[in-house]
Amino acid sequence: MEQKKEKGNFMEKLATVIVDKRNVFFLVYIFACVVCIFTMNLTQVENDVTKYLSEETETRQGLDTMNEHFASFASARIMISNITYDDAKDLYDEIIEVDGITMVDFNNTESYYKDANAMMSVSFEDEALDAGAIKALDEIKVILEDYDVSYDTVVGYDENADIAAQMTEILAIGVVIIFIALILTSTAYMEVPVLLMTFGVAALLNMGTNFLLGKISFISDSIAVVLQLALAIDYAIILAHRFSAEHESLPARDACIKALSKAIPEIASSSLTTISGLAALGFMEFGIGLDMAVVLIKSILLSLLSVFTLMPGLLVLLCPLIDKTKHKKLLPDVSVIGRFCNKSKKFIVPVFVLIL
(Lines give C-alpha, C1' and ligand atoms only; values in the text may rest on other atoms or scores of the structure.)
Protein backbone atom coordinates (compact mmCIF):
# COMPACT_ATOMS: atom_id res chain seq x y z
CA MET A 1 0.00 0.00 0.00
CA GLU A 2 2.87 2.33 0.83
CA GLN A 3 4.48 1.74 -2.54
CA LYS A 4 1.23 2.61 -4.29
CA LYS A 5 0.98 5.85 -2.42
CA GLU A 6 4.52 6.86 -3.33
CA LYS A 7 3.84 6.06 -6.96
CA GLY A 8 0.70 8.17 -6.89
CA ASN A 9 2.54 11.06 -5.23
CA PHE A 10 5.26 10.90 -7.87
CA MET A 11 2.69 11.03 -10.67
CA GLU A 12 0.96 14.00 -9.07
CA LYS A 13 4.28 15.82 -8.63
CA LEU A 14 5.19 15.12 -12.24
CA ALA A 15 1.75 16.27 -13.42
CA THR A 16 2.07 19.43 -11.30
CA VAL A 17 5.40 20.32 -12.90
CA ILE A 18 3.99 19.76 -16.41
CA VAL A 19 0.88 21.85 -15.78
CA ASP A 20 2.61 24.69 -13.90
CA LYS A 21 5.47 24.92 -16.43
CA ARG A 22 3.10 24.85 -19.40
CA ASN A 23 4.43 28.13 -20.86
CA VAL A 24 7.92 26.65 -21.00
CA PHE A 25 6.55 23.62 -22.82
CA PHE A 26 4.67 25.89 -25.23
CA LEU A 27 7.91 27.67 -26.14
CA VAL A 28 9.76 24.38 -26.58
CA TYR A 29 7.05 23.00 -28.86
CA ILE A 30 6.87 26.20 -30.91
CA PHE A 31 10.64 26.08 -31.44
CA ALA A 32 10.54 22.35 -32.24
CA CYS A 33 7.72 22.80 -34.76
CA VAL A 34 9.54 25.63 -36.55
CA VAL A 35 12.67 23.48 -36.79
CA CYS A 36 10.68 20.46 -38.02
CA ILE A 37 9.05 22.50 -40.79
CA PHE A 38 12.51 22.87 -42.31
CA THR A 39 14.01 19.48 -41.39
CA MET A 40 11.09 17.49 -42.80
CA ASN A 41 12.38 18.38 -46.27
CA LEU A 42 15.76 16.83 -45.40
CA THR A 43 14.31 13.34 -45.12
CA GLN A 44 15.71 10.99 -47.76
CA VAL A 45 13.06 8.71 -49.21
CA GLU A 46 13.91 5.37 -50.82
CA ASN A 47 11.52 4.72 -53.68
CA ASP A 48 12.87 1.28 -54.60
CA VAL A 49 11.37 -1.23 -52.16
CA THR A 50 13.55 -4.00 -53.61
CA LYS A 51 16.46 -2.40 -51.74
CA TYR A 52 14.88 -3.76 -48.55
CA LEU A 53 15.08 -7.35 -49.77
CA SER A 54 17.70 -9.49 -48.05
CA GLU A 55 20.82 -10.19 -50.09
CA GLU A 56 20.24 -13.89 -49.49
CA THR A 57 16.80 -14.04 -51.10
CA GLU A 58 16.47 -15.45 -54.60
CA THR A 59 14.29 -12.50 -55.61
CA ARG A 60 17.02 -9.99 -54.74
CA GLN A 61 19.71 -12.06 -56.45
CA GLY A 62 17.57 -12.38 -59.56
CA LEU A 63 16.86 -8.64 -59.68
CA ASP A 64 20.56 -7.83 -59.26
CA THR A 65 21.44 -10.18 -62.11
CA MET A 66 18.78 -8.68 -64.38
CA ASN A 67 19.89 -5.12 -63.62
CA GLU A 68 23.49 -6.07 -64.26
CA HIS A 69 22.88 -7.57 -67.70
CA PHE A 70 19.79 -5.78 -68.93
CA ALA A 71 18.59 -2.19 -68.91
CA SER A 72 14.90 -1.41 -68.48
CA PHE A 73 14.19 1.21 -71.12
CA ALA A 74 10.90 3.04 -71.36
CA SER A 75 8.26 2.27 -73.94
CA ALA A 76 4.88 3.55 -75.03
CA ARG A 77 1.94 2.37 -77.06
CA ILE A 78 0.14 5.10 -78.98
CA MET A 79 -3.22 4.65 -80.70
CA ILE A 80 -4.36 7.24 -83.22
CA SER A 81 -8.06 7.01 -84.11
CA ASN A 82 -9.91 8.14 -87.26
CA ILE A 83 -6.86 8.32 -89.48
CA THR A 84 -5.88 6.90 -92.86
CA TYR A 85 -2.89 4.63 -93.19
CA ASP A 86 -1.00 7.15 -95.34
CA ASP A 87 -1.44 9.91 -92.74
CA ALA A 88 -0.39 7.50 -89.99
CA LYS A 89 2.71 6.60 -92.02
CA ASP A 90 3.61 10.30 -92.29
CA LEU A 91 3.26 10.67 -88.52
CA TYR A 92 5.44 7.58 -88.08
CA ASP A 93 8.16 9.24 -90.16
CA GLU A 94 8.03 12.30 -87.90
CA ILE A 95 8.02 10.38 -84.65
CA ILE A 96 10.98 8.17 -85.58
CA GLU A 97 13.09 11.32 -86.00
CA VAL A 98 12.46 12.55 -82.43
CA ASP A 99 15.58 12.61 -80.29
CA GLY A 100 15.57 10.01 -77.53
CA ILE A 101 13.62 7.39 -79.51
CA THR A 102 15.37 4.19 -80.61
CA MET A 103 12.57 2.41 -82.45
CA VAL A 104 8.96 2.77 -83.57
CA ASP A 105 7.02 -0.33 -84.63
CA PHE A 106 4.31 0.34 -87.23
CA ASN A 107 3.16 -1.28 -90.49
CA ASN A 108 -0.02 -1.97 -92.46
CA THR A 109 -0.83 -5.29 -90.78
CA GLU A 110 -3.93 -5.66 -88.58
CA SER A 111 -1.68 -5.65 -85.51
CA TYR A 112 -0.85 -1.98 -86.15
CA TYR A 113 -3.62 -0.64 -88.41
CA LYS A 114 -7.28 -1.65 -88.37
CA ASP A 115 -10.62 0.12 -88.87
CA ALA A 116 -9.01 3.57 -89.26
CA ASN A 117 -7.06 3.09 -86.01
CA ALA A 118 -3.26 3.16 -86.04
CA MET A 119 -1.18 1.61 -83.27
CA MET A 120 2.47 2.55 -82.80
CA SER A 121 4.88 0.95 -80.33
CA VAL A 122 7.63 3.39 -79.32
CA SER A 123 10.90 2.50 -77.55
CA PHE A 124 12.96 5.18 -75.78
CA GLU A 125 16.67 5.48 -75.07
CA ASP A 126 16.14 6.22 -71.38
CA GLU A 127 14.17 4.84 -68.47
CA ALA A 128 10.61 5.92 -67.68
CA LEU A 129 11.43 8.72 -65.21
CA ASP A 130 14.52 10.04 -67.01
CA ALA A 131 14.36 13.55 -68.43
CA GLY A 132 15.26 12.32 -71.93
CA ALA A 133 12.28 9.97 -72.15
CA ILE A 134 9.90 12.59 -70.75
CA LYS A 135 11.16 15.18 -73.24
CA ALA A 136 10.77 12.75 -76.15
CA LEU A 137 7.21 11.90 -75.13
CA ASP A 138 6.37 15.61 -74.89
CA GLU A 139 7.62 16.11 -78.45
CA ILE A 140 5.46 13.22 -79.65
CA LYS A 141 2.44 14.81 -77.97
CA VAL A 142 3.16 18.06 -79.84
CA ILE A 143 3.26 16.16 -83.15
CA LEU A 144 -0.04 14.42 -82.39
CA GLU A 145 -1.86 17.32 -80.72
CA ASP A 146 -4.35 17.69 -83.59
CA TYR A 147 -5.34 14.01 -83.58
CA ASP A 148 -7.53 11.75 -81.47
CA VAL A 149 -4.81 9.95 -79.51
CA SER A 150 -4.62 7.51 -76.59
CA TYR A 151 -1.35 6.83 -74.72
CA ASP A 152 -0.38 3.71 -72.79
CA THR A 153 2.92 4.40 -71.04
CA VAL A 154 4.58 4.90 -67.66
CA VAL A 155 6.93 7.57 -68.98
CA GLY A 156 6.82 10.51 -66.59
CA TYR A 157 4.50 8.64 -64.24
CA ASP A 158 5.85 8.63 -60.69
CA GLU A 159 3.93 5.88 -58.92
CA ASN A 160 5.37 6.82 -55.54
CA ALA A 161 4.26 10.44 -55.90
CA ASP A 162 0.80 9.21 -56.89
CA ILE A 163 0.62 7.02 -53.79
CA ALA A 164 1.75 9.94 -51.62
CA ALA A 165 -0.98 12.12 -53.14
CA GLN A 166 -3.59 9.44 -52.47
CA MET A 167 -2.41 9.10 -48.86
CA THR A 168 -2.81 12.86 -48.49
CA GLU A 169 -6.39 12.55 -49.67
CA ILE A 170 -6.97 9.63 -47.28
CA LEU A 171 -5.53 11.69 -44.42
CA ALA A 172 -7.83 14.60 -45.26
CA ILE A 173 -10.85 12.28 -45.33
CA GLY A 174 -9.73 10.68 -42.05
CA VAL A 175 -9.36 14.07 -40.36
CA VAL A 176 -12.86 15.09 -41.48
CA ILE A 177 -14.37 11.82 -40.22
CA ILE A 178 -12.56 12.08 -36.89
CA PHE A 179 -13.54 15.74 -36.58
CA ILE A 180 -17.21 14.84 -37.04
CA ALA A 181 -16.93 11.93 -34.60
CA LEU A 182 -15.27 14.15 -31.98
CA ILE A 183 -17.95 16.81 -32.37
CA LEU A 184 -20.67 14.20 -31.85
CA THR A 185 -19.05 12.50 -28.84
CA SER A 186 -17.35 15.44 -27.08
CA THR A 187 -18.88 17.44 -24.25
CA ALA A 188 -17.53 20.77 -25.55
CA TYR A 189 -16.83 22.01 -29.04
CA MET A 190 -13.52 23.54 -27.94
CA GLU A 191 -12.19 20.12 -26.97
CA VAL A 192 -11.91 19.22 -30.64
CA PRO A 193 -9.29 21.90 -31.56
CA VAL A 194 -7.27 20.85 -28.51
CA LEU A 195 -7.24 17.24 -29.68
CA LEU A 196 -6.40 18.17 -33.26
CA MET A 197 -3.63 20.58 -32.22
CA THR A 198 -2.08 17.91 -30.02
CA PHE A 199 -2.12 15.38 -32.82
CA GLY A 200 -0.96 17.91 -35.42
CA VAL A 201 2.11 18.81 -33.37
CA ALA A 202 2.93 15.13 -32.82
CA ALA A 203 2.62 14.42 -36.55
CA LEU A 204 4.82 17.38 -37.45
CA LEU A 205 7.47 16.32 -34.93
CA ASN A 206 7.46 12.81 -36.38
CA MET A 207 7.87 14.03 -39.95
CA GLY A 208 10.52 16.52 -38.93
CA THR A 209 12.64 13.92 -37.14
CA ASN A 210 12.56 11.24 -39.86
CA PHE A 211 15.77 12.65 -41.33
CA LEU A 212 17.58 11.38 -38.21
CA LEU A 213 16.93 7.84 -39.46
CA GLY A 214 19.06 8.49 -42.56
CA LYS A 215 16.68 7.15 -45.21
CA ILE A 216 13.14 5.78 -44.98
CA SER A 217 10.99 3.98 -47.52
CA PHE A 218 8.32 5.84 -49.45
CA ILE A 219 5.78 3.47 -47.88
CA SER A 220 6.69 4.54 -44.34
CA ASP A 221 6.82 8.16 -45.45
CA SER A 222 3.34 7.92 -46.97
CA ILE A 223 1.43 6.00 -44.31
CA ALA A 224 3.07 7.27 -41.10
CA VAL A 225 0.74 10.24 -40.56
CA VAL A 226 -2.42 8.27 -41.31
CA LEU A 227 -1.48 5.39 -39.00
CA GLN A 228 -0.29 7.80 -36.32
CA LEU A 229 -3.70 9.43 -36.40
CA ALA A 230 -5.47 6.08 -36.21
CA LEU A 231 -3.26 4.61 -33.48
CA ALA A 232 -2.62 7.60 -31.22
CA ILE A 233 -5.64 9.91 -31.29
CA ASP A 234 -7.30 7.86 -28.53
CA TYR A 235 -4.52 8.81 -26.10
CA ALA A 236 -5.59 12.43 -26.33
CA ILE A 237 -9.25 11.45 -26.03
CA ILE A 238 -8.56 9.55 -22.79
CA LEU A 239 -6.90 12.58 -21.22
CA ALA A 240 -9.67 14.91 -22.42
CA HIS A 241 -12.36 12.71 -20.86
CA ARG A 242 -10.36 12.45 -17.63
CA PHE A 243 -10.05 16.22 -17.48
CA SER A 244 -13.75 16.71 -18.17
CA ALA A 245 -14.69 14.35 -15.33
CA GLU A 246 -12.30 15.93 -12.82
CA HIS A 247 -13.29 19.47 -13.83
CA GLU A 248 -16.84 18.88 -12.65
CA SER A 249 -15.64 19.27 -9.05
CA LEU A 250 -12.20 20.90 -9.36
CA PRO A 251 -10.84 24.12 -10.94
CA ALA A 252 -9.00 23.82 -14.25
CA ARG A 253 -5.44 23.57 -12.88
CA ASP A 254 -6.24 21.03 -10.16
CA ALA A 255 -8.47 19.04 -12.51
CA CYS A 256 -5.73 18.86 -15.12
CA ILE A 257 -3.13 17.73 -12.56
CA LYS A 258 -5.48 15.07 -11.22
CA ALA A 259 -6.46 13.89 -14.70
CA LEU A 260 -2.87 13.78 -15.96
CA SER A 261 -1.60 11.88 -12.92
CA LYS A 262 -4.24 9.22 -13.54
CA ALA A 263 -3.92 9.22 -17.33
CA ILE A 264 -0.12 8.82 -17.59
CA PRO A 265 0.03 5.20 -16.33
CA GLU A 266 -3.23 4.34 -18.08
CA ILE A 267 -2.19 5.69 -21.47
CA ALA A 268 1.40 4.45 -21.15
CA SER A 269 0.26 0.90 -20.43
CA SER A 270 -2.26 1.09 -23.28
CA SER A 271 0.46 2.18 -25.70
CA LEU A 272 2.62 -0.84 -24.86
CA THR A 273 0.34 -3.16 -26.81
CA THR A 274 0.54 -0.89 -29.85
CA ILE A 275 4.31 -0.54 -29.60
CA SER A 276 4.72 -4.30 -29.15
CA GLY A 277 2.65 -4.99 -32.24
CA LEU A 278 4.66 -2.51 -34.29
CA ALA A 279 7.94 -3.89 -32.93
CA ALA A 280 6.95 -7.30 -34.29
CA LEU A 281 7.22 -5.83 -37.78
CA GLY A 282 10.95 -5.42 -37.20
CA PHE A 283 11.43 -9.19 -37.22
CA MET A 284 10.24 -9.51 -40.82
CA GLU A 285 12.82 -10.86 -43.25
CA PHE A 286 11.67 -8.16 -45.65
CA GLY A 287 13.54 -5.06 -44.44
CA ILE A 288 10.56 -2.80 -45.07
CA GLY A 289 9.07 -4.17 -41.84
CA LEU A 290 11.90 -2.80 -39.69
CA ASP A 291 11.74 0.52 -41.52
CA MET A 292 8.01 0.87 -40.84
CA ALA A 293 8.39 -0.31 -37.24
CA VAL A 294 10.99 2.34 -36.41
CA VAL A 295 9.03 5.19 -38.02
CA LEU A 296 5.69 4.20 -36.47
CA ILE A 297 7.06 3.48 -33.00
CA LYS A 298 8.69 6.90 -33.07
CA SER A 299 5.35 8.40 -34.03
CA ILE A 300 3.63 6.70 -31.07
CA LEU A 301 6.30 7.91 -28.63
CA LEU A 302 6.04 11.47 -29.93
CA SER A 303 2.25 11.28 -29.66
CA LEU A 304 2.59 10.20 -26.03
CA LEU A 305 5.03 13.04 -25.40
CA SER A 306 2.62 15.58 -26.91
CA VAL A 307 -0.34 14.25 -24.92
CA PHE A 308 1.60 14.25 -21.66
CA THR A 309 3.40 17.60 -21.99
CA LEU A 310 1.52 19.77 -24.51
CA MET A 311 -2.13 18.86 -24.15
CA PRO A 312 -2.40 19.60 -20.38
CA GLY A 313 -1.27 23.18 -20.99
CA LEU A 314 -3.77 23.56 -23.83
CA LEU A 315 -6.58 22.26 -21.64
CA VAL A 316 -5.79 24.76 -18.86
CA LEU A 317 -5.24 27.62 -21.31
CA LEU A 318 -8.46 27.00 -23.23
CA CYS A 319 -10.55 25.84 -20.28
CA PRO A 320 -12.71 29.04 -20.24
CA LEU A 321 -13.62 28.43 -23.89
CA ILE A 322 -14.20 24.75 -23.21
CA ASP A 323 -16.61 25.65 -20.41
CA LYS A 324 -18.44 28.14 -22.62
CA THR A 325 -18.84 25.71 -25.52
CA LYS A 326 -20.19 22.75 -23.58
CA HIS A 327 -23.03 20.88 -25.24
CA LYS A 328 -24.95 17.67 -24.91
CA LYS A 329 -23.34 14.64 -26.48
CA LEU A 330 -25.09 13.68 -29.67
CA LEU A 331 -23.66 10.14 -29.50
CA PRO A 332 -22.84 7.97 -26.48
CA ASP A 333 -19.27 7.22 -25.45
CA VAL A 334 -17.57 4.20 -26.97
CA SER A 335 -17.45 2.70 -23.48
CA VAL A 336 -21.24 2.90 -23.23
CA ILE A 337 -21.63 1.16 -26.58
CA GLY A 338 -19.12 -1.47 -25.47
CA ARG A 339 -21.00 -2.19 -22.27
CA PHE A 340 -24.26 -2.47 -24.21
CA CYS A 341 -22.68 -4.94 -26.64
CA ASN A 342 -21.20 -7.01 -23.81
CA LYS A 343 -24.61 -7.29 -22.12
CA SER A 344 -26.49 -8.04 -25.30
CA LYS A 345 -24.03 -10.34 -27.09
CA LYS A 346 -25.55 -13.46 -25.49
CA PHE A 347 -28.76 -12.57 -27.35
CA ILE A 348 -27.20 -11.19 -30.54
CA VAL A 349 -24.93 -14.17 -31.28
CA PRO A 350 -27.71 -16.84 -31.23
CA VAL A 351 -29.94 -14.64 -33.40
CA PHE A 352 -27.06 -14.10 -35.85
CA VAL A 353 -26.46 -17.87 -36.00
CA LEU A 354 -30.16 -18.53 -36.65
CA ILE A 355 -30.15 -16.00 -39.50
CA LEU A 356 -27.18 -17.75 -41.09
Side-chain angles (χ1 to χ4, degrees), residues 28-57 59-68 71-74 126-135 154-172 174 199-232 274-275 277-306:
V28 171
Y29 274 104
I30 290 172
F31 175 77
C33 288
V34 171
V35 172
C36 287
I37 289 173
F38 295 98
T39 58
M40 62 188 298
N41 296 321
L42 301 178
T43 303
Q44 297 181 27
V45 179
E46 177 59 69
N47 294 322
D48 186 5
V49 294
T50 61
K51 296 290 182 65
Y52 293 93
L53 287 170
S54 172
E55 296 288 347
E56 300 175 355
T57 60
T59 303
R60 180 59 185 271
Q61 294 173 2
L63 288 171
D64 290 341
T65 302
M66 289 175 60
N67 292 332
E68 182 180 350
S72 179
F73 296 116
D126 302 299
E127 295 184 2
L129 296 180
D130 290 343
I134 295 174
K135 181 180 178 182
V154 294
V155 173
Y157 173 66
D158 189 349
E159 184 179 9
N160 300 329
D162 186 51
I163 292 175
Q166 291 180 25
M167 293 306 297
T168 301
E169 294 177 5
I170 292 172
L171 176 61
F199 170 77
V201 169
L204 180 58
L205 292 178
N206 190 49
M207 291 187 291
T209 54
N210 281 337
F211 80 99
L212 297 175
L213 303 177
K215 182 180 288 188
I216 64 174
S217 69
F218 81 93
I219 296 177
S220 299
D221 185 54
S222 301
I223 68 173
V225 177
V226 176
L227 288 183
Q228 184 179 5
L229 173 62
L231 296 173
T274 304
I275 293 174
L278 294 174
L281 291 173
F283 294 95
M284 291 173 58
E285 185 177 358
F286 191 20
I288 196 73
L290 178 60
D291 180 81
M292 292 175 61
V294 173
V295 174
L296 293 175
I297 288 175
K298 179 166 65 71
S299 73
I300 297 299
L301 294 176
L302 289 172
S303 296
L304 289 173
L305 183 66
S306 298

Throw together a table of side-chain donor-acceptor distances under 3.5 angstrom for residues 28-38, partners on residues two or more places apart or in other chains.
{"unit_1": "Tyr29", "atom_1": "OH", "unit_2": "Leu305", "atom_2": "O", "d": "3.1"}
{"unit_1": "Tyr29", "atom_1": "OH", "unit_2": "Thr309", "atom_2": "OG1", "d": "2.4"}

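- Put simply, the side chain of Thr39 does not reach to within 4.5 Å of the side chain of Leu212, judged on heavy atoms.
- A distance of 9.0 Å separates CG of Leu304 from OG1 of Thr274, quoted to the nearest 0.5 Å.
- Shortest non-hydrogen contact noted between Leu278 and Ala293 is O-CB, 3.2 Å.
- Taking CE of Met292 as the start and CD1 of Ile297 as the end, the distance is 11.0 Å to the nearest 0.5 Å.
- Identified under the salt bridge (Lys or Arg N to Asp or Glu O under 4.0 Å) test for residues 204-217, with sequence neighbours left out: Glu46-Lys215.
- Atom CG in Leu302 sits 11.5 Å away from atom CZ in Phe199 (nearest 0.5 Å).
- Listed by first and then second residue, the side-chain hydrogen bond (donor to acceptor under 3.5 Å, both in side chains) pairs involving residues 288-304 are Asn206-Lys298, Thr209-Lys298, Asn210-Lys298, Ser217-Asp291, Ser220-Asp291, Gln228-Ser303 (not counting sequence neighbours).
- Here the CG-CG distance, from Leu301 to Leu296, works out to 11.0 Å after rounding to the nearest 0.5 Å.
- Asp221 contributes atom CG, which lies 7.0 Å from atom OG1 of Thr43 (distance to the nearest 0.5 angstrom).
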